[in-house]
Novice: 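Below you will find the structure I want to go over with you.
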Number of protein chains: 2
Amino acid sequence: MAENKQPTIYDVSERVGVSLATVSRVVNNNGKVKDETRQKVLKAIKELNYRPNAMAKGLASSKTTMIGMVIPDLTDLYYAELAQGIDAVAKIYNYSVTLAVSDDNPEAEKAALNTLIDKHVDGMIYMGNKTSKEMLHLLEESPFPVVFAGSVDPDNKLPSVNIDYVKAFKQVGLTLKKNLKDSKIALVDNPGESSLSDLRKEGFLSAVPGGKIYESDDDYQAGYNLAHHLYKDGIRAVITGEDEPAVGILNYMQDNGIKVPDKFQIISSNDTKLVNMTRPAISSVTQPKFDIGAVAMRLLTKLMSDQKVDDPEVLLPHEFVMRDTTK
Amino acid sequence: MAENKQPTIYDVSERVGVSLATVSRVVNNNGKVKDETRQKVLKAIKELNYRPNAMAKGLASSKTTMIGMVIPDLTDLYYAELAQGIDAVAKIYNYSVTLAVSDDNPEAEKAALNTLIDKHVDGMIYMGNKTSKEMLHLLEESPFPVVFAGSVDPDNKLPSVNIDYVKAFKQVGLTLKKNLKDSKIALVDNPGESSLSDLRKEGFLSAVPGGKIYESDDDYQAGYNLAHHLYKDGIRAVITGEDEPAVGILNYMQDNGIKVPDKFQIISSNDTKLVNMTRPAISSVTQPKFDIGAVAMRLLTKLMSDQKVDDPEVLLPHEFVMRDTTK
DNA sequence: TTGTAAGCGTTATCAG
DNA sequence: CTGATAACGCTTACAA
């Protein structure tokens, strides 16, 4: 930890013998500056190792070049991959990102939003799927633009980036139906309110009207625990809304001598690296996760600079990888 | 996105009929203020929904209540879990955390540091294990305190929080040695410079002087690819520095009919949720990952408020979970 | 093309 | 216990 004071724009202007305004112009590359002057200023900046103070800049211009990113859980690989995409694009546009882990908890989300407002971020990316009515309202009222990534605004007021879950889950349902009765096929998804789950359910049921719906928290153990009931209930194929429960279900079957995919089939929907690490490897819908984050962030940059966006609700293409948990 | 101006401290003072200074005093709860006045101010604050502008505050006080967190890869569950610990403690002390994904890349790390300096964060947590000499130097010179989490400063000048890798890897080596010759045991770790790897190597070799060292990138595929060579070279047990390669090695063995643990044993060292999701489940050193992050952040808060810290190099206790990849 | 000067919303130092 | 007032470092009309 070093102890010396940073030079200010004033130091630069003094050394060169020009005004603050001129230095500011060259730093921000706006307004006309004679090339000779520009060079002198640039030289002084280098020599003094001057760096603009972001706070002062923010205060004067009311732009912080910071965005907020609310994420439910850093150890959920789905969100982590979205975050990589967000971060990558943020870097390109020179935004730094302030993290707000929400734990999918309404109170924590509210607190996070308030902090972001206080910090005067220029915009925010929201991830989370148990968004409360209240939170939704706060987001709509927020002083900066908000984009949903891998998440959806049920009111459809806020821009979002996702895959077409209805279509994807319908396709999966159709696939499973080929050699199984509806009653043997189930959708395993988050408990409680979740607009994403609703879409998945809609797609699934449109293909498999007689299918069953089970609720499971989105962690490994929840899936493991649920698996027993699934099998006992006569379910022989599941599609899950998250990857970790799929792994849990798979392992339960294996640990109990139920052959996958012969006796039980599994398809997951996030295709995080997890599903390729199990044996058998899990079949899955694939999502362009990095791109979802990247596109969401790009959309946000447009919103932040008041550019028109043609379609605020973007659906990116998905695919399927059939590995070894399906026949 | 709503469009109304935030009230300022000035609005509050005007409404109550006191000076700015008084309002500031009650907001920051410092200095003496008559209780009656305080109540009036508090009331006005609530009514106006006044919230201090963090930038103005930062400019005036040169404190931002923001910290930087540099992390190599958000999808590496080891770091993700540290990050959760960091975030949790940061919340408690009211710091917001600015993310800087470094990709373990020296240039990106430098850029991240510069951004953090520009943003005037009050401190930073550094994670990364291929820290270049230059970066190390920059960190030592940084204008704010820096704490290493799950990472080590080879020069030992910067505070850090870790487990005792030397001891852990020695213990693991000893375990494996019980029924295998040294020449059949290998350590698989990161390629290139890495002070953490050095510690692991030191511990490993002190127990297994005749052991071999293999290099592997810390992803699944690298482990998978390496496994072939390991087996061909007569290695029959490995300990890995990271979890993903361990999974890769395990799967290679399984895919090729080499029974684990009968014919090949594996121990990993991060105990992320991955290793419990494979079949057989992977034996591992266990680390208090959340706590490493939490303690690092706590340490940083002390440093940021110029408190004395007794021991800047903290080692947290580790354990072992022997699952099904060891005999 | 360049300079002047008024903010931006706080904190903090002095007086009172 | 309270109030003026000068910073903090920069942007941005408005003049020159």
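The chains referred to below are lettered A, B, ... by the order of the sequence lines, with proteins before strands, and numbering in each begins at 1.
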Novice: Closer than 4.0 Å, any side-chain N/O of A:Ser62 to the OP1 or OP2 of C:dC8?
Specialist: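 For C:dC8, OP1/OP2 do not have a side-chain N/O of A:Ser62 under 4.0 Å.
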
Novice: Can you tell me how far P of C:dT1 sits from CD of A:Glu36, to the nearest Å?
Specialist: 12 Å

Novice: Decide yes or no on side chain to side chain contact (heavy atoms under 4.5 Å, CB included) for B:Met127 and B:Ile86, but give the supporting numbers first.
Specialist: CA-CA 11 Å; B:Met127 294 179 273; B:Ile86 293 164; 3.8 Å; yes

Novice: With a 4.0 Å cutoff (strictly under), does any side-chain N or O of B:Thr8 reach OP1 or OP2 of C:dG9?
Specialist: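 No, because none of the side-chain N or O atoms of B:Thr8 sits under 4.0 Å from OP1 or OP2 of C:dG9.
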
Novice: For C:dT2, does OP1 or OP2 lie under 4.0 Å from any side-chain N or O of A:Thr37?
Specialist: yes

Novice: Which sits closer to the 5' end of DNA chain D, B:Gly17 or B:Leu59, going by the nucleotide each is nearest to?
Specialist: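 The 5'-side residue here is B:Gly17.
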
Novice: May I ask you to say whether B:Asp155 pairs ionically with B:Lys133, meaning some side-chain N is under 4.0 Å from a carboxylate O?
Specialist: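 The answer is yes: the pair qualifies as a salt bridge.
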
Novice: State whether the side chain of A:Thr131 and the backbone N or O of A:Leu136 hold a donor-acceptor pair below 3.5 Å, judged by distance alone.
Specialist: no

Novice: List the residues meeting side chain to side chain donor-acceptor pair (under 3.5 Å) with A:Lys110, not counting sequence neighbours, and say none if there are none.
Specialist: A:Glu134

Novice: Do nucleotides 11-16 of chain C as a string where each nucleotide becomes B, S or -: B if the base has a protein heavy atom under 4.0 Å, S if just the sugar-phosphate does, - if no protein is that close.
Specialist: SB----

Novice: Looking at A:Ala149, is its backbone amide N or carbonyl O close enough to the side chain of A:Ser151 to form a donor-acceptor pair, meaning the two atoms are under 3.5 Å apart?
Specialist: yes

Novice: Strictly distance-based, threshold 3.5 Å: is any side-chain N or O of B:Lys91 a donor or acceptor partner for the main-chain N or O of A:Val101?
Specialist: yes

Novice: In whole Å, I'd like the distance from the NZ atom of A:Lys63 to the P atom of C:dC8.
Specialist: 16 Å

Novice: Which angle, to the nearest 10 degrees, lies between the helix axes at the two ends of the helix from C:dT1-D:dA16 to C:dG16-D:dC1, each defined by five pairs?
Specialist: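 Roughly 30°, once rounded to the nearest ten degrees.
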
Novice: Listed by chain and number, what are the ring-ring contact (aromatic ring centres under 6.0 Å, His included) partners of B:Phe148, not counting sequence neighbours?
Specialist: B:Tyr126

Novice: What is the 5' to 3' range of DNA chain D, first to last nucleotide, that sits under 4.0 Å from any heavy atom of chain B?
Specialist: D:dC1 to D:dG9

Novice: How many whole angstroms separate atom CZ of A:Arg38 from atom C1' of C:dT2?
Specialist: 13 Å

Novice: Answer yes if the side chains of B:Thr64 and A:Lys119 hold a donor-acceptor pair under 3.5 Å, and no otherwise.
Specialist: no

Novice: B:Arg38 and B:Asn29: side chain to side chain contact (heavy atoms under 4.5 Å, CB included), yes or no, with the steps?
Specialist: CA-CA 10 Å; B:Arg38 173 183 308 278; B:Asn29 217 339; 3.8 Å; yes

Novice: For residues 48-73 of chain A, which residue pairs qualify under salt bridge (charged side-chain N to carboxylate O under 4.0 Å, His left out), counting only residues two or more places apart or in two chains?
Specialist: A:Arg51-B:Asp118

Novice: Evaluate A:Val41 against A:Arg25 for side chain to side chain contact (heavy atoms under 4.5 Å, CB included), listing each step before the verdict.
Specialist: CA-CA 10 Å; A:Val41 171; A:Arg25 290 189 186 99; over 6 Å; no

Novice: Using a 4.0 Å heavy-atom cut-off, does A:Lys32 contact any base of the nucleic acid, only the sugar-phosphate backbone, or nothing at all?
Specialist: base

